[in-house]
Engineer: 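Before we start, here is the structure in question, set down as structure tokens.
Chain A is the first sequence line, chain B the second, and so forth, proteins listed ahead of strands; every chain is numbered from 1. Side chains included, hydrogens not; waters and symmetry mates left out as well; all remaining heavy atoms used.
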2 protein chains.
Amino acid sequence: MKFTKVLVAEDTDSNNFGIVAKLKNLGIDTVEHAQYCDNAHLKIKKALLVGEPYQLLVSDLSFDNSNRKSKLSSGEELIEAAKTTQPNLKVIVFSVIDKQTIIKNLLDNLKVNAYVCKGLNGLNELEKAIEKVYQNQQFTCPVATSVLKQQNVLALNKYEQQLLQLLATGYKQNEISEHFKLHKIAPNSVRSIEAHISKLKDTFDAKTTHQLVYMVTSLGLL
Amino acid sequence: MKFTKVLVAEDTDSNNFGIVAKLKNLGIDTVEHAQYCDNAHLKIKKALLVGEPYQLLVSDLSFDNSNRKSKLSSGEELIEAAKTTQPNLKVIVFSVIDKQTIIKNLLDNLKVNAYVCKGLNGLNELEKAIEKVYQNQQFTCPVATSVLKQQNVLALNKYEQQLLQLLATGYKQNEISEHFKLHKIAPNSVRSIEAHISKLKDTFDAKTTHQLVYMVTSLGLL
DNA sequence: TTTATTGCTGTGGTTTTCCGCAAGGGTTTG
DNA sequence: CAAACCCTTGCGGAAAACCACAGCAATAAA
């Protein structure tokens, strides 16, 4: 017993080709694919309408939509829309992204059934994921699993996120203060903003604020 | 007439699978692949040694070498090593990267024969590239071509690069000055460093130095 | 050769950031 | 209830960054 109808959402054709070939290789009858989010969602709706719904969606997270006006522009949006359309659809995320916050969000909030990182053995891990998901179990590949286990991950809360965002956008400390007061975000005194920046420098072990901005940016936290 | 022996260097297996399948589909007899740079280089050396050299290398740029001690860690290094080993080897770069400076460097300095961006139609472009390269012509896919045409691209020269690197690593202006004096890099007065940062803020249209660091980092120039 | 231009550097003064101290408010703990 | 603690906020001084001005040297143009 196995899945018989699967949809692959992945924009780069080389990857798409590889994934589809792999799935067919696993003996899945119907493997269809889409290179755009909107397209994928449409297929899901149509299949449901004619009474032949997909059982599984294998989706990437980032899509190239530079040349399109699209409603759905990311894997997250696609998954959310798909789950609304067809709540019983199983979802496996297959992506290069290995950021704890993103993986956590997908598993906890979007309730995806598995997360597999593209990599040296991505396809093998994808195979394992499909088996587990078919058995109604959750699955994360070794890379994702280890990322999820990491303690003390340098993560930013909403406030710090906003603060650093403004800093990176060219706001001075007093301008940030004014902006926060205007938007009723507290704490908003110049002194507190200063203190928070200082604390962030501590936790990130940055000598200067420039370095802090650099670190946070290159860690993908902004 | 076409290539008969090709090596694919690409770490993620899903991509690798797709590329190899495509090449075989094109009627190329021998398509081999490697997931590590060192491995690829080794294969090239061996093939040359037994008198059956590869005619073409299709290589990615970024490789995952987190779990290895490897001599070659990037596509650039692999290509350089490969060309030293076998100067007549044709090289096609197949990568997601679409940064002008990087593409330019590969074409001009490393003399690669084609540059193709992974994307919606990457495999088709790869096919075109192979044809052109077989005819001893250079090729760049539409995406790469348009990127190369862009004027006024914000690029950094060596000095600015070093300056910003130090800034992002937590050096203060006077420390940068000392560092430059120590390494005989000119100009190195605090005042000049100040002026250069100020000029960079102008050209990048950044209000603060924090923003400058942020912009340069997220543009991938550091 | 003279003139103009450009870039590097120093000086002095302003602005911004940084940091220690302390007062006040709120919550937790004994 | 009081003591302890945490966080915000303001203040003042030090450090760093920023900026306008000017001198100087090297180079380019007349």
Engineer: Is the NZ atom of B/Lys104 crowded by more than 12 outside heavy atoms at less than 6.0 Å?
Structural biologist: no

Engineer: Report the nucleotide, chosen from D/dC19, D/dC18, D/dT9, that has the shortest atom-to-atom distance to any side-chain atom of B/Thr209.
Structural biologist: D/dC18

Engineer: What integer distance in Å separates B/Glu178:CD from D/dA16:P?
Structural biologist: 11 Å

Engineer: Of the nucleotides D/dT9, D/dC19, C/dC19, which one has an atom closest to the side chain of A/Glu194?
Structural biologist: C/dC19

Engineer: Keeping B/Gln100 on the side-chain end and B/Leu148 on the backbone end, is there a donor-acceptor pair under 3.5 Å?
Structural biologist: yes

Engineer: For the ring pair A/Phe63 and A/Tyr36, is the centre-to-centre distance below 6.0 Å?
Structural biologist: no

Engineer: Picking from C/dT9, D/dT8, C/dT17, which would you name as closest to the side chain of A/Ser192?
Structural biologist: D/dT8

Engineer: Measure the distance from CZ on B/Phe180 to P on C/dC8 and round it to the nearest whole Å.
Structural biologist: 12 Å

Engineer: Please tell me whether A/Phe180 and A/Tyr159 form a close aromatic pair, meaning their ring centres lie under 6.0 Å apart.
Structural biologist: yes

Engineer: Looking only at side-chain N and O atoms, does A/Asn188 come under 4.0 Å of OP1 or OP2 in D/dT9?
Structural biologist: yes

Engineer: Grab the CD1-P distance between B/Ile185 and C/dC8 for me, whole Å please.
Structural biologist: 14 Å

Engineer: State which of D/dC19, D/dC11, D/dA16 makes the closest approach to the side chain of B/Arg191.
Structural biologist: D/dC19

Engineer: Quick one: label B/Lys199 by what it contacts on the DNA or RNA (base, sugar-phosphate, nothing), any heavy atom closer than 4.0 Å.
Structural biologist: nothing

Engineer: Write down the distance between NZ (A/Lys181) and C1' (D/dT8), rounded to a whole number of angstrom.
Structural biologist: 12 Å

Engineer: Separation of A/Ile197 atom CD1 from C/dC18 atom C1', in whole Å?
Structural biologist: 10 Å

Engineer: If you check every side-chain atom of B/Gln173, which of D/dC11, D/dC18, D/dT8 has the closest atom?
Structural biologist: D/dC18

Engineer: Report the residue (B/His210 or B/Ala186) whose heavy-atom-nearest nucleotide on DNA chain C is the more 5′ of the two.
Structural biologist: B/Ala186

